[in-house]
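All figures in this text were calculated on a predicted structure; none of them were measured in a lab.
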Amino acid sequence: QVQLVESGGGLVQAGGSLRLSCAASGRTSSSYAVGWFRRAPGKERRFVAGITRSGARTYYTESVKGRFTISRDNAKNTVYLQMNSLKPEDTAVYYCAAGYVSTAYASSDEYDYWGQGTQVTVSS
């Protein structure tokens with residue numbers, strides 16, 4: 001069993017930056033791949049970024065490539081999402097998720113554990 005807690009959300013102006021953290025407790029987080037998803041108002045939850053257990057490979061949805069960076073520190077059981085050049089359309093509740101993901105990092109079905117989410121609001 002793994003518990004995930006997101007933090008770092010908030011209100012920022014367009015062009016600004018935020019760093020989200022996903023802290024894991026319970027079973028060693030390095031056993032799991034981790035993904036970040038987001039749910040914008042009135043929309044379905046969508047994949048944002050994913051990272052393998054070792055951190056050697058990362059995956060991004062097209063709209064955040066070059067602006068967001070996912071990383072992990074397994075010694076701290078924490079995964080990060082650095083978000084730069086934020087846009088109003090990045091406004092959403094951001095969730096981290098963990099699971100034994102094979103290749104389909106963008107599929108929420110691949111993840112077994114989810115955090116409660118953290119709100120990110122980007123003003124224009």
Side-chain angles (χ1 to χ4, degrees):
Q1 193 77 1
V2 175
Q3 293 78 42
L4 303 173
V5 178
E6 303 95 336
S7 62
L11 173 64
V12 64
Q13 290 188 332
S17 298
L18 285 173
R19 187 177 80 158
L20 305 184
S21 298
C22 173
S25 60
R27 191 170 179 177
T28 305
S29 66
S30 60
S31 300
Y32 300 95
V34 173
W36 283 97
F37 290 75
R38 65 186 179 188
R39 187 194 301 273
K43 296 187 177 180
E44 294 182 351
R45 185 171 59 191
R46 293 182 181 266
F47 171 76
V48 176
I51 189 166
T52 56
R53 288 180 294 172
S54 67
R57 293 191 177 184
T58 57
Y59 306 88
Y60 299 93
T61 192
E62 193 64 34
S63 63
V64 308
K65 285 181 180 178
R67 299 189 298 124
F68 291 11
T69 302
I70 188 171
S71 63
R72 67 189 300 160
D73 184 339
N74 286 339
K76 296 182 178 180
N77 289 334
T78 302
V79 174
Y80 304 98
L81 185 67
Q82 178 67 44
M83 306 187 297
N84 298 328
S85 302
L86 282 161
K87 304 175 181 180
E89 51 264 43
D90 294 318
T91 294
V93 177
Y94 283 71
Y95 301 88
C96 66
Y100 292 111
V101 183
S102 54
T103 56
Y105 279 79
S107 172
S108 59
D109 293 340
E110 294 287 315
Y111 299 88
D112 300 302
Y113 306 103
W114 293 82
Q116 294 299 307
T118 185
Q119 176 71 48
V120 171
T121 303
V122 185
S123 63
S124 58

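Put simply, the side chain of Arg72 does not reach to within 4.5 Å of the side chain of Asn77, judged on heavy atoms. Between Tyr94 and Val48, some side-chain heavy-atom pair lies under the 4.5 Å cut-off. Residues Ile70 and Val79 form a side-chain contact, since some pair of their non-hydrogen atoms from C-beta on lies under 4.5 Å apart. Annotation: side chain of Leu20 is in contact with side chain of Thr118 (closest heavy-atom distance under 4.5 Å). By the 4.5 Å heavy-atom criterion applied to side chains, Val120 and Met83 are counted as neighbours.
One N or O on the side chain of Thr91 and one on the backbone of Pro88 form a donor-acceptor pair closer than 3.5 Å. No donor-acceptor pair closer than 3.5 Å links the side chain of Ser85 to the backbone N or O of Arg67. Judged purely by atom type and a 3.5 angstrom limit, Asn74 uses its side chain to pair as donor or acceptor with the backbone of Arg53. No donor-acceptor pair under 3.5 Å is formed between the side chain of Glu6 and the backbone N or O of Cys22.
For the ring-ring contact (aromatic ring centres under 6.0 Å, His included) with Tyr105, the qualifying choice from Trp36, Tyr100, Tyr59, Tyr32 is Tyr59, the only one to do so.
For the 3.5 Å distance criterion, the side chains of Asp73 and Thr78 fail to qualify, holding no donor opposite an acceptor.
Between Ser21 atom OG and Lys76 atom NZ the span is 9.5 Å, to the nearest 0.5 Å. Summarising the geometry, atom CD belonging to Gln82 is positioned 8.5 Å from atom CG belonging to Leu18; distances are rounded to the nearest 0.5 Å. Here the OG-CD distance, from Ser124 to Gln13, works out to 9.5 Å after rounding to the nearest 0.5 Å. Between the CZ atom of Arg38 and the CD atom of Glu89 there is a distance of 8.5 Å, given to the nearest 0.5 Å. Leu81 CG to Cys96 SG: the interatomic distance, rounded to the nearest 0.5 Å, is 10.0 Å. Distance check, rounded to the nearest 0.5 Å: NZ of Lys87 to OG of Ser63 gives 7.5 Å.
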Before giving the answer on side-chain contact (heavy atoms from CB on, under 4.5 Å), spell out for Phe68 and Thr61 the whole-Å C-alpha distance, their side-chain angles and the decisive distance to 0.1 Å. CA-CA 10 Å; Phe68 291 11; Thr61 192; over 6 Å; no
Tyr60 vs Phe47, ring-ring contact (aromatic ring centres under 6.0 Å, His included): CA-CA, chis, key distance, verdict: CA-CA 8 Å; Tyr60 299 93; Phe47 171 76; 8.2 Å; no
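For Arg19 and Tyr80, the positive end sits near the middle of the six-membered ring, less than 6.0 Å away and at most 45° from its axis.
Taking the six-membered ring where the residue is Trp, the centroids of Tyr95 and Phe37 are separated by 6.0 Å or more.
Contact detail for Ala24 and Val2: the closest heavy-atom pair is CB-CG1, 4.1 Å.
Atom CZ of Arg39 sits in a crowded spot, with more than 12 heavy atoms from other residues, nucleotides or ligands closer than 6.0 Å. Counting heavy atoms of neighbouring residues, nucleotides and ligands inside a 6.0 Å radius, atom CD of Gln119 exceeds 12 of them.
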